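Please read all numbers here as calculations on a predicted model, not as lab measurements. Along the sequence shown, residues are numbered consecutively beginning with 1.
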Amino acid sequence: MTLERRREGLVITSLPLQDMALLSLAVPLSPEGEAVLAALLRGEKVFVLPQGLEYKRYRRTAPRGVYEKFTAMERRLREMGIGLLRGHT
């Protein structure tokens with residue numbers, strides 16, 4: 001997972017599959033995961049870039065059930081307060 005501080009807040013620019021799974025369970029096993037959870041707990045804005053979501057690359061090839069699991073994880077991230085930062089690179 002890679003993070004950047006921007007004027008919008010903390011931005012996740014790359015979110016690999018494993019990091020997405022752990023973050024959606026609120027299990028930070030990396031310094032980056034800890035930083036995201038800490039920012040959320042402090043009430044800071046946290047976003048993810050849509051193009052940074054690795055699972056989306058497998059939309060056409062992954063079995064439906066697997067892809068739906070990751071779609072559910074993305075929904076959990078939004079419920080935790082992580083927004084999508086559209087229109088940015």
Looking only at heavy atoms, which two atoms of A39 and L10 are closest? And how far apart?
CB-CD2, 3.9 Å

OG of S14 to CE of M20, rounded to nearest 0.5 Å, is 12.0 Å

Classify the ring geometry of Y55 against Y67: parallel below 30°, tilted from 30° to 60°, perpendicular beyond 60°.
tilted

When you compare the side chain of K45 with that of E8, does any pair of heavy atoms fall below 4.5 Å?
no

Atom CE in M73, atom CZ in R78: separation rounded to 0.5 Å?
13.5 Å

Please identify each residue that fulfils salt bridge (Lys or Arg N to Asp or Glu O under 4.0 Å) with E54, with sequence neighbours left out.
none

In this structure, which one of V46, L15, L41 forms a side-chain contact (heavy atoms from CB on, under 4.5 Å) with V36?
V46

Evaluate the side chain to side chain contact (heavy atoms under 4.5 Å, CB included) criterion for residues L84 and E74: first the C-alpha distance (whole Å), next the side-chain angles of each, then the deciding distance (0.1 Å), finally the verdict.
CA-CA 10 Å; L84 283 178; E74 181 182 350; 3.7 Å; yes

Could you list the residues that satisfy ring-ring contact (aromatic ring centres under 6.0 Å, His included) with Y58, not counting sequence neighbours?
none

Could you tell me if the side chain of M80 sits less than 4.5 Å from the side chain of L77, heavy atoms only?
yes

Give me the atom names and distance for the closest heavy-atom approach of I82 to F47.
CG2-C, 4.1 Å

So M1 and I12, do their side chains get closer than 4.5 Å, heavy atoms only?
yes

Can you give me the closest heavy-atom contact between G33 and P28, atom names plus distance?
C-CB, 3.4 Å

Please evaluate residues L37 and L23 with respect to the criterion side chain to side chain contact (heavy atoms under 4.5 Å, CB included), reporting the C-alpha separation (whole Å), side-chain torsions for both, the decisive distance (0.1 Å), and the verdict.
CA-CA 8 Å; L37 247 46; L23 191 55; 3.6 Å; yes

R42 and E44: salt bridge (Lys or Arg N to Asp or Glu O under 4.0 Å), yes or no, with the steps?
CA-CA 6 Å; R42 287 190 303 268; E44 295 179 26; 2.7 Å; yes

Can you tell me how far the OG1 atom of T13 sits from the CD atom of Q51, to the nearest 0.5 Å?
9.0 Å

Pairwise side-chain contact, L85 with R6, heavy-atom cut-off 4.5 Å (strictly under):
yes

Do T2 and E32 have side chains that get closer than 4.5 Å, going by heavy atoms?
no

Rounded to the nearest 0.5 Å, what separates atom CD in E68 from atom CZ in R75?
9.0 Å

Does some side-chain heavy atom of K56 sit less than 4.5 Å from a side-chain heavy atom of P50?
no

Heavy-atom check, side chain of V11 versus side chain of V48, under 4.5 Å
no

